[in-house]
*Asks:* 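Sharing a structure below in structure tokens format, with a few things to ask.
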Amino acid sequence: MSLASINSEVLTGLIASAVITGTIYVLAHGCYGVPVPDAGQFMLIVFFSTYIFYLLQTGVLDLFGFAGWPLLILVWILSTGVLSYAPEMLSSFFRNWVYSWTPIRFALDMITNTLYMPNATTTGTDLTVLGSVGIVALIVMYVSPFLGKREKR
């Protein structure tokens, strides 16, 4: 891993997130007829969320290699099952130990607020948490080559 390869990962994530954002908007609004009150804000939030999750996955894989895949799969599978229910319907274990720490819920909250409460300003905390996750993942991506060299000695 070199600085150039990490920079290319970051750039690839930006491009992939832009393509995914456009695809999600076209499918949601064009194909499924979901009313999007503010298309620019919706696309910005989807882009930001997509890019943060790309950084999170890439950071874990850069740090742990293929051994990080089980961790990622476990997080995404547990998150998907938990987020399909309202938090009030979950048992205390899932509400306190799975729902409370899954990063996908912050993106879901931001997208839900954008679609159904376009004038509300309730996305500040979600944006801060996701931004923090993204910054930590970016730091892990740039530090992981040095950690890998230290382990080989």
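Just so we're clear, the structure is a prediction, and the values are computed from it rather than from any experiment.
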*Asks:* Extract all donor-acceptor atom pairs below 3.5 Å that involve side chains of residues 46-54 and protein atoms in other chains or at least two apart in sequence.
*Replies:*
unit_1 : atom_1 : unit_2 : atom_2 : d
S49    : OG     : I45    : O      : 2.9
T50    : OG1    : V46    : O      : 2.6
Y51    : OH     : V10    : O      : 3.4
Y54    : OH     : E9     : O      : 2.9

*Asks:* Is there a path of hydrophobic side-chain contacts, each under 4.5 Å between heavy atoms of I, L, V, M, F, W or Y residues, that connects V26 with I20?
*Replies:*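 Looking at the clustering, I20 is in a separate group from V26.
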*Asks:* Could you list the residues that satisfy side chain to side chain contact (heavy atoms under 4.5 Å, CB included) with V82, not counting sequence neighbours?
*Replies:* L90, F94, V98, Y99
*Asks:* side-chain hydrogen bond (donor to acceptor under 3.5 Å, both in side chains) with Y142: which residues, sequence neighbours excluded?
*Replies:* N7
*Asks:* Using atom types as modelled and distance alone, determine if a side-chain donor or acceptor of S5 lies under 3.5 Å from a backbone N or O of S2.
*Replies:*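 Flag set: sc S5 to bb S2 pair under 3.5 Å.
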*Asks:* Flag yes if I111 and V19 sit in one hydrophobic cluster, no otherwise; membership is Ile, Leu, Val, Met, Phe, Trp, Tyr, and two members link when side-chain heavy atoms are under 4.5 Å apart.
*Replies:*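 No, because I111 and V19 fall into different hydrophobic clusters, even though each may have its own neighbours under 4.5 Å.
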*Asks:* Could you give the distance from CG (L71) to CG (L61), rounded to the nearest 0.5 Å?
*Replies:* 9.5 Å
*Asks:* Could you tell me whether the side chain of S144 and the main chain of M141 form a donor-acceptor pair under 3.5 Å?
*Replies:* yes
*Asks:* Which residues satisfy the side-chain hydrogen bond (donor to acceptor under 3.5 Å, both in side chains) test with S79, sequence neighbours excluded?
*Replies:* T102
*Asks:* Mind checking the CD1-OG spacing from I15 to S8? Nearest 0.5 Å is all I need.
*Replies:*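 If I round to the nearest 0.5 Å, the distance is 10.0 Å.
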*Asks:* Going by the rule side chain to side chain contact (heavy atoms under 4.5 Å, CB included), which residues pair with Y32 if we only count those two or more places apart in sequence or in a different chain?
*Replies:* L27, V34
*Asks:* Where is the tightest heavy-atom contact between G68 and F64, given as atom of each residue plus distance?
*Replies:* N-CB, 3.8 Å
*Asks:* With the side chain counted from C-beta on, respond yes when D38 and T114 share a heavy-atom pair under 4.5 Å apart, and no when they do not.
*Replies:* no
*Asks:* With sequence neighbours excluded, tell me which residues meet side chain to side chain contact (heavy atoms under 4.5 Å, CB included) with L108.
*Replies:*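 Applying side chain to side chain contact (heavy atoms under 4.5 Å, CB included) to L108 gives L83, T112.
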*Asks:* Once rounded to the nearest 0.5 Å, what's the spacing between atom CG of L130 and atom CG of L55?
*Replies:* 11.0 Å
*Asks:* List in chain and number order the residues that pass side chain to side chain contact (heavy atoms under 4.5 Å, CB included) with Y25, two or more places apart in sequence or in another chain; answer none if no residue qualifies.
*Replies:*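 Checked Y25 against side chain to side chain contact (heavy atoms under 4.5 Å, CB included); matches are H29, V36, A39, F42, M43.
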*Asks:* Let me confirm one number: the CZ-CD distance from R95 to E88, rounded to the nearest 0.5 Å.
*Replies:* 7.5 Å
*Asks:* First locate atom CG of L115, then atom CD of Q41, and finally report the distance between them rounded to the nearest 0.5 Å.
*Replies:* 9.5 Å
*Asks:* Can you confirm whether W76 is buried at CH2, in the sense that more than 12 heavy atoms of other residues, nucleotides or ligands lie under 6.0 Å from that atom?
*Replies:* yes
*Asks:* Quick check on the hydrophobic clustering: are L44 and V129 connected, directly or via other members, by side-chain heavy-atom contacts under 4.5 Å?
*Replies:* no
